[in-house]
Amino acid sequence: ALSTPKEDDLDEVVDYDFIRSTIALRVTRGHIHLQETLCDDVLALLKEGNRRFLSDEPITVQASRMSRLRMAAAQHPIAAYLSCSDSRVAPELLFGRGLGELFIVRNAGNSLCSTAIGSLEFAVTALGVPLIVVMGHENCGAVRAAVSVVKEHYGFSANINKVLQPLYPAIMEVGEDSQHDLVNTA
């Protein structure tokens with residue numbers, strides 16, 4: 001089920017009506033087969049994969065030639081992820097999934113920029129992804145860089161500043177209250 005966030009400003013940048021109408025049209029045409037329990041089922045799979053990862057159990061991934069050929073023909077991810085670009089954060093490994101199972105949108109700082117929003121909309125409307133996971137992590141280098149800009153007036157290149165800009169409001173909102181761990185609180 002797709003719901004509109006109530007407490008944020010995403011409705012100003014995410015076209016929920018377009019997403020709902022596109023999904024309804026694709027369901028009517030038979031392109032997407034939605035089940036009420038699908039989100040819960042996918043989330044249970046991801047949680048089980050994460051449990052296996054945390055328990056150091058081996059992860060079995062389908063990567064045979066035949067499965068790669070099927071993936072080359074069309075993608076059918078079970079979930080979309082908004083995740084940080086940090087090399088220590090690999091959703092496929094952390095959640096025990098293989099090639100083609102997750103539609104992953106990554107950027108430094110895990111920010112919800114227009115490219116990320118458009119990519120997630122594509123995952124839902126074009127690929128029929130039933131679940132979007134927003135995955136943060138501790139000790140984020142991009143957040144640490146944004147903190148240095150806000151608190152210490154540190155300067156980066158114009159391109160890096162564009163990446164960091166969406167992170168500034170969270171840092172300013174947290175303010176001095178969490179000075180001891182501002183990076184992880186923001």
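Below, all heavy atoms of this structure are taken into account, side chains as well, without hydrogens, waters or symmetry copies.
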Exercise for the section: List in chain and number order the residues that pass side-chain hydrogen bond (donor to acceptor under 3.5 Å, both in side chains) with Arg70, two or more places apart in sequence or in another chain; answer none if no residue qualifies. Expected result: none

Exercise for the section: Would you check if Pro77 and Leu127 make a side-chain contact, meaning some heavy-atom pair closer than 4.5 Å? Expected result: yes

Handout entry: Pairwise side-chain contact, Ile78 with Arg97, heavy-atom cut-off 4.5 Å (strictly under)
Key = yes

Exercise for the section: Check whether more than 12 heavy atoms from other residues, nucleotides or ligands sit under 6.0 Å from atom CZ of Phe156, and answer yes or no. Expected result: yes

Completion exercise
In terms of heavy-atom contacts, Ala80 and Ala123 come closest through CB-CB, 4.0 Å

Problem - Residue pair Val124 / Ile132, side-chain heavy-atom distance below 4.5 Å - result: yes

Handout entry: Whether Asn107 side chain and Cys84 backbone form a donor-acceptor pair below 3.5 Å
Key = no

Handout entry: Minimum side-chain heavy-atom gap Glu92-Glu101 below 4.5 Å
Key = no

Exercise for the section: Could you tell me whether the side chain of Pro166 reaches within less than 4.5 Å of the side chain of Leu112, counting heavy atoms only? Expected result: no

Handout entry: Residues in side-chain hydrogen bond (donor to acceptor under 3.5 Å, both in side chains) contact with Ser85, at least two apart in sequence or another chain
Key = none

Practice task
Could you tell me the separation between the CG atom of Leu46 and the CZ atom of Arg51, rounded to the nearest 0.5 Å?
Solution key: 13.5 Å

Handout entry: Shortest non-hydrogen contact from Asp86 toward Arg106
Key = O-NH2, 2.7 Å

Completion exercise
Students should find that the hydrophobic cluster of Met71, defined by side-chain heavy atoms under 4.5 Å apart, otherwise consists of Leu99

Exercise for the section: Just jot down the side-chain hydrogen bond (donor to acceptor under 3.5 Å, both in side chains) partners of Gln165, sequence neighbours excluded, or say none. Expected result: none

Problem - Rounded distance [0.5 Å steps], CG in Leu93 versus CG in Asn50 - result: 11.5 Å

Exercise for the section: Answer whether the closest heavy-atom distance between the side chains of Leu131 and Val133 falls below 4.5 Å. Expected result: yes

Completion exercise
Residue pairs meeting side-chain hydrogen bond (donor to acceptor under 3.5 Å, both in side chains), one or both in residues 72-83, sequence neighbours left out, come to none

Exercise for the section: Check whether any side-chain N or O of Arg52 sits under 3.5 Å from a backbone N or O of Phe95 as a donor-acceptor pair, and report yes or no. Expected result: no

Problem - Residue list, side-chain hydrogen bond (donor to acceptor under 3.5 Å, both in side chains) with Ser157, at least two apart or on another chain - result: none

Handout entry: Sole candidate of Leu167, Leu164, Val163 that passes side chain to side chain contact (heavy atoms under 4.5 Å, CB included) when paired with Ser111
Key = Leu167

Problem - Shortest non-hydrogen contact between Glu138 and Arg88, atoms and distance - result: O-NH2, 4.4 Å

Practice task
Check whether any side-chain heavy atom of Asn110 lies under 4.5 Å from a side-chain heavy atom of Met135, and answer yes or no.
Solution key: no

